Every structure is written in structure tokens, then in C-alpha cells.
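Here the structure is a predicted model, which is why all the values come from computation and not from measurement.
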Amino acid sequence: MDIRKPIGQLFLLLGVILMAWGIIGGTDSKDSVTITISLNLVWGSCVTLFGGIMAWLSRSTSK
Amino acid sequence: MFAPILMSSGVSIHLQAVDYIILFAYFAFVVGIGFALQRLNKTSEDFFLSGRSIPAWVTGLAFLSANLGAQEVLGMAASGAKYGMMTSHFYWVGAIPAMVFLAVFMMPFYYGSKARSVPEYLKLRFDEKTRTFNSLSFAAMTVFSSGISLHVLAKLLQALLGWDYNLSILACSAVVLVYVLKGGLTSAIYNEVLQFFMIVLGFVPLVWLGLRDVGGWSGLVARLQEKNPAFVHSWAGMGTSDNPMGVEWFGMVFGLGFVLSFGYWCTDFLVVQRAMAAKTMGAARRTPIIGAVPKMIFPVLVILPGIIAYALTDTSWCASWFNDGSGYAIPGAADGSPDYNMVMPSMLAHYLPSGLLGLGMTALMASFMSGMAGNVTAFNTVWTYDIYQTHVAPNRDDSHYLWMGRAATVVGIIISIGCAYLASAFNNIMDMLQLIFAFVNAPLFATFLLGMFWKRATGHGAFFGLVFGTVGAAAFHGLSLATGNTAGIKGGWILQQAPYAYRSEMAQNFWMAIVAFVVCFTATVVISLATKREKSDGELQGLVYSLTPKPSEEGEPWYIRPGVVGTIVLVACVFLNWYFW
């Protein structure tokens, strides 16, 4: 089994969850941290991108 | 190497549904990987050594992650808040050089000898009694370490999330048991890689938010210069022991940078096992170097949050460091002193919104459980190959040893649970165990150094050298004491007025390691010269440097040559030490 496959799948899932949480505005805003962007949305996108790259790499080697 | 971690402050974290979804998704994948790999474990070598089939980048990240347990994540953030940049010595002095040395010089012997474990190398190089001494102490050490890790995790979950201690112990043990039992070492290694990425992706937002809060890197440095300039430097204050760590440069370089570091990274089967699972000799040699690259920059993730925490905490206006309500502050313990061990969890709670908080907490839990799994896989291998197969049931068929490996996994987890309860019942048991481990581990590198690079070293020399080194470490401990400690488990138990006084426990431990190494080294040389060589040059081929053909790197591109890449890593490490001088 290529480890990049489960890594890609897991982080794709986690990234999508974070993005969805960021989009629906379910963020628990921290009074002490004034952020003008949705952290969950931004970081969720990064996590999704990472998961996508890993999944793609695993797909390219299995061919 | 680190102080036991106990939670006492009132930091609490409230997870929301999304955080629990992230947590359960991660653990579902972890267990799923174990089940997916089950079919690959047909022989004992598959179960214990992953069939020696794993690529270097995977074993390299697992090599790093096997060390990335509870003590690393919580302990390094705590040390960052307590000692500042000096904590980087645990990486740039106490890890990288040893990892490169393992890759370039020692891995050819471990991998080339076809030894299945580090104790088995000792059998091939020396004799059975030296292997048994090492395997018994190592097996005990791994299950106790695993138990302590489990105890700390359960205490953390109880303190932060209000989870039941017993339930946390059972649930975490069950997850580790399932994925190790099903997938063996491959499953543990794969999950360590998963954990590596989880920690990186879970902690990066924390570092970014913390840095942003403190005014960026320049703001952080300015605050530290104002509060305590020693926190900005790694070496500048180390001419004497009058610095936050209480350690002078020689104790740091020779005690941590040589004896303890090389003793751990080059001889501890827990980490070496990951390299031994690589599919080729070249991959095995590249494993520690691949691990060394992220290890060099990991202080950003685990030490920097601690330094930021110190910089943000107002220490000027009152004796105890409690939050005045305006921002982040290091939490206080019940007695009013700063509770450094809670720095990382309190930073997570302070900065991360739900969602990211779930990611961060999952990373924290993953590090604990991965550390436990690493110990259990090392235990089941050493137990089965070096103790059971050697002394209890030799010459049985392979399926029997595969069965025993699985049984040892279950028993190892049960003993770990027992040790966790032992640690919860007796606070001193953790100090005692760490002390005994230090006695046993500190002299071990001398044995390997002489075994690999001096063909005249004999089995009697190695065995009695280890025994004398261990006794020497214990005697030194009984004659030394750190400032502020009372005689007893912290030292000074031979003479009430200890003749060797140190500014800190860390300095005492570093010097104890130095003494143990010197005693073991000297005793091994003297006894070897006084006893007859048992093994011929032919028998030592592949086990001793001067008698072994050097692995050829001809025709390989420079970026996969361990010597070349190792040199680059060392130069980068020297640069970091210089830059943060």
C-alpha cells in the first residue's frame, strides 16, 4: 500500500471539513485574536491542497 | 532526558462537534491502516521488520516521528518558555550530528549484518550475555516509557477536556493495540508518517497566530531583549553555568551532544528499527538523514510557541504569572509558579478557533499514541527475537514467532497500562524509572563505539564495561546533587553533603552521562586487553569498521549519497548554531 493514498484521503477529508466549517461561519471567534479572514477556510484550503497533492502522487505511482 | 510532565493548572479546552469529527476521522484512518495492512503480515519478518520493504522517505519521517512523543511536543514547548533559544541545543547539538553519524558510519553495520535488532547486533559482535543485558533493560524500558506516555496522555485529557482517566487509558490503548496487532511495524511506521504531517499541519497555524500576536519575529526578539536577553541566544551565555539552563558549554557539548545524543539516536532500537525496515542499504542509510532535515526546523513548531508564550507573559508586575485578562499568559500552577508543561495546550486553547483546535488537539493526541506504538513495536521485536527465541523457545517455526510477536504486543500494552496506573499512584516512580533508564542508557554508546571501531574489543570487555558504566552512573548520582534539591531520588543518597553540586538537574544529568561513558569506555578497553579475543577477523567482517568493505556510492547522484547530504546537513546545523549564537 502506498502511504500517500491514506494520507491524501485523510487530509482531503479534514481540509474539506475545515473549509465547510469556515464557510458556514461556525468559527468560535477568539476575542484576543482579531482576524479578518476565516482561519478555518484559509487553513482548510491549504490542508485540502496538501491532501490533493498526496492523493495525486499516490495515483501517479500506482498507474 | 526530560522532566516528567504532570498537569496541575486550570487550563481547559471546550471542543465542539467539528473538533470531535476531526478527532474521530483521524483515529478511524489510523485503525483502518492497521486493517488494510493486515494481509501483508505473513511472516515474522513482515510483522517485526516490515519485510524490509519500505522506501527511505517513509522510514525517514517515521524515524523522526518515533521520537516525537509526549515529551517532545509538551516538553520542548515547556523548555522554550523556561530556557528560550537554548532549548535548540536538544536539536542542533543533541540530535542532528548523531543522526548523521548513524547514517554515515553505523547503519552499514546494523543493516549489513542482517541483525534483526540492536541487541542482536551485540550478539553477533560480542556474545550472548551482552545481548541479554541490553535486551532485558531495553524491553523493560520500552514498556515503562509506553506506560508513562499513556499516563501523561490520560492526565492531559482529564485536565483539558474533563475526560475520565480510566476511559482515556483504555480507549487510547485499544486504538494502539488494534493497529499494531493488525499491521505490525508497517502499521506503526505508516501511522508515524501520518502523525508527522498531522503535527505540522496542526501546529503551523498556532505558530503563525502566536507570532502575529507578538509583533512578528522582530517584535518577538525586541520583547525578549527587553525581558531577558539570554532567551535570544543559544550559546552566548554558556561560557559558565550561570545561564537559564545552568549548564556550561562542555557539559552541553560532551554530555548532551555526544554521550546522551549518540547513545540515544545511534543505539536505541526504538528509532534504529525504523531505519532497519528500509528496503535497501542505501535507503537505510538515508533514513536518519531524511529525518534530520525536518528535525532541524522542528524547533519552529515545538520550541517557538514556548518562547512566544514567555514573551507574551507579563512577568514584571507580580510574583506569579497569571493572565491579567488582556491576552495570553503562561498558566500558573497551584503554588503560584508558572506551569510550563501546560504552555502548548494553553496556547492551543487561546489561539485556535474550533475546527483548527480539533486539528491541533488531534496532533497532540497523535504524538502521544504514536510514541506508545513505537515503544510497543520495539518491545515485541526484542522480546520475541532476543529473549523468547534465544532463551525460551529456539528452533520453532516462523509462524510460532509471528504468533508470539502478536501475543507480546497484547502483553506489552497490558504492562503499559499497569505502568500508567503505577505512575499515577506514585509520583516518584516516574523519577525512579527515568533514573534507572539513564543509568543503563548512558554507557551504551561506549560499548557500540568500541564494538564497531575497535576489533580488539571482547565480549567480556563489553559486558563488564556496561556493568561498570551503569554502576559508575549510579555512584555519581549518589554523590551529586543539584541546587535546591534534597538528598534522595534526585541524588546525594550516598553522602548527605554531596561533593558534586550543580546549578541544575540538567547539568547533573549531563555530567552523570559523561561519567558513565568514560567509565564504560575505560573498563571495556582495559578488560578487553586483559581477555582473549573470541572472534576472528573473518567472523567480525560486516560488524567492525576496519574489517568491512565500505558501501560504494559510485554512480549515485550526490543528493542520495549519505556522506554528501550528511555534510550539507551538518553545515546547515553549524549555520543555525552560529546564527542564533
Side-chain angles (χ1 to χ4, degrees), chain A, chain B residues 14-19 21-23 25-30 32-33 36-37 39-40 54-55 57-58 61-62 183 186-187 189-198 200-202 204-206 208-210 212-213 312 323 325-328 349-360 362:
Chain A
M1 182 173 75
D2 187 338
I3 180 63
R4 288 173 295 191
K5 191 174 174 184
I7 290 175
Q9 290 169 342
L10 173 64
F11 286 106
L12 270 173
L13 175 66
L14 296 185
V16 169
I17 291 171
L18 286 175
M19 284 199 300
W21 190 247
I23 289 168
I24 61 173
T27 50
D28 172 21
S29 63
K30 301 270 173 176
D31 295 337
S32 54
V33 185
T34 313
I35 303 287
T36 53
I37 51 170
S38 166
L39 278 173
N40 280 313
L41 183 60
V42 172
W43 195 243
S45 310
C46 296
V47 172
T48 306
L49 179 67
F50 171 75
I53 291 170
M54 290 305 257
W56 180 80
L57 285 173
S58 71
R59 191 168 165 269
S60 64
T61 53
S62 63
K63 275 182 180 176
Chain B
H14 302 288
L15 297 184
Q16 293 195 15
V18 67
D19 303 313
I21 291 170
I22 289 170
L23 199 64
Y26 175 78
F27 288 113
F29 264 79
V30 163
I33 286 174
L37 293 169
R39 62 186 170 79
L40 298 178
I54 301 191
W57 76 270
V58 175
L61 294 182
T186 313
S187 178
I189 285 177
Y190 278 19
N191 279 310
E192 282 158 6
V193 176
L194 208 60
Q195 174 222 339
F196 169 83
F197 290 114
M198 184 55 84
V200 172
L201 294 169
V204 164
L206 177 70
W208 183 75
L209 289 169
R212 184 181 173 277
D213 201 19
L312 288 171
N323 194 346
S326 60
Y328 176 82
H350 182 77
Y351 283 110
L352 298 186
S354 59
L356 286 181
L357 184 60
L359 203 63
T362 305

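- Atoms CD1 and CG, from B:I21 and A:L18 in turn, are 10.5 Å apart once rounded to the nearest 0.5 Å.
- The closest donor-acceptor contact from the side chain of A:W21 to the backbone of B:S354 lies under 3.5 Å.
- For the atom pair CG of B:L201 and CZ of A:F50, the computed distance is 5.5 Å after rounding to the nearest 0.5 Å.
- Contact detail for B:L194 and A:F11: the closest heavy-atom pair is O-CZ, 4.2 Å.
- Residue contact with chain A, scored on non-hydrogen atoms closer than 4.5 Å, involves the backbone and the side chain of B:F197 alike.
- Options A:L13, A:V47, A:I17, A:L14 differ in how many heavy-atom pairs under 4.5 Å they form with chain B, and the most are formed by A:L14.
- Residue contact with chain B, scored on non-hydrogen atoms closer than 4.5 Å, involves the backbone and the side chain of A:L10 alike.
- Heavy atoms of A:I3 lying under 4.5 Å from chain B belong to its backbone as well as its side chain.
- Interatomic distance, A:I7 CD1 to B:I33 CD1, rounded to the nearest 0.5 Å: 7.5 Å.
- With a 4.5 angstrom heavy-atom cutoff, B:A36 touches chain A only via side-chain atoms.
- Of the two parts of B:L37, only the side chain, counted from C-beta on, holds a non-hydrogen atom closer than 4.5 Å to a non-hydrogen atom of chain A.
- The contact between B:L359 and chain A is made entirely by side chain atoms (from C-beta outward), counting heavy-atom distances below 4.5 Å.
- With chain B as the partner, the residue from A:C46, A:G44, A:P6 showing the most heavy-atom pairs under 4.5 Å is A:P6.
- The distance from the CG atom of A:L39 to the CG atom of B:L352 is 8.0 Å, given to the nearest 0.5 Å.
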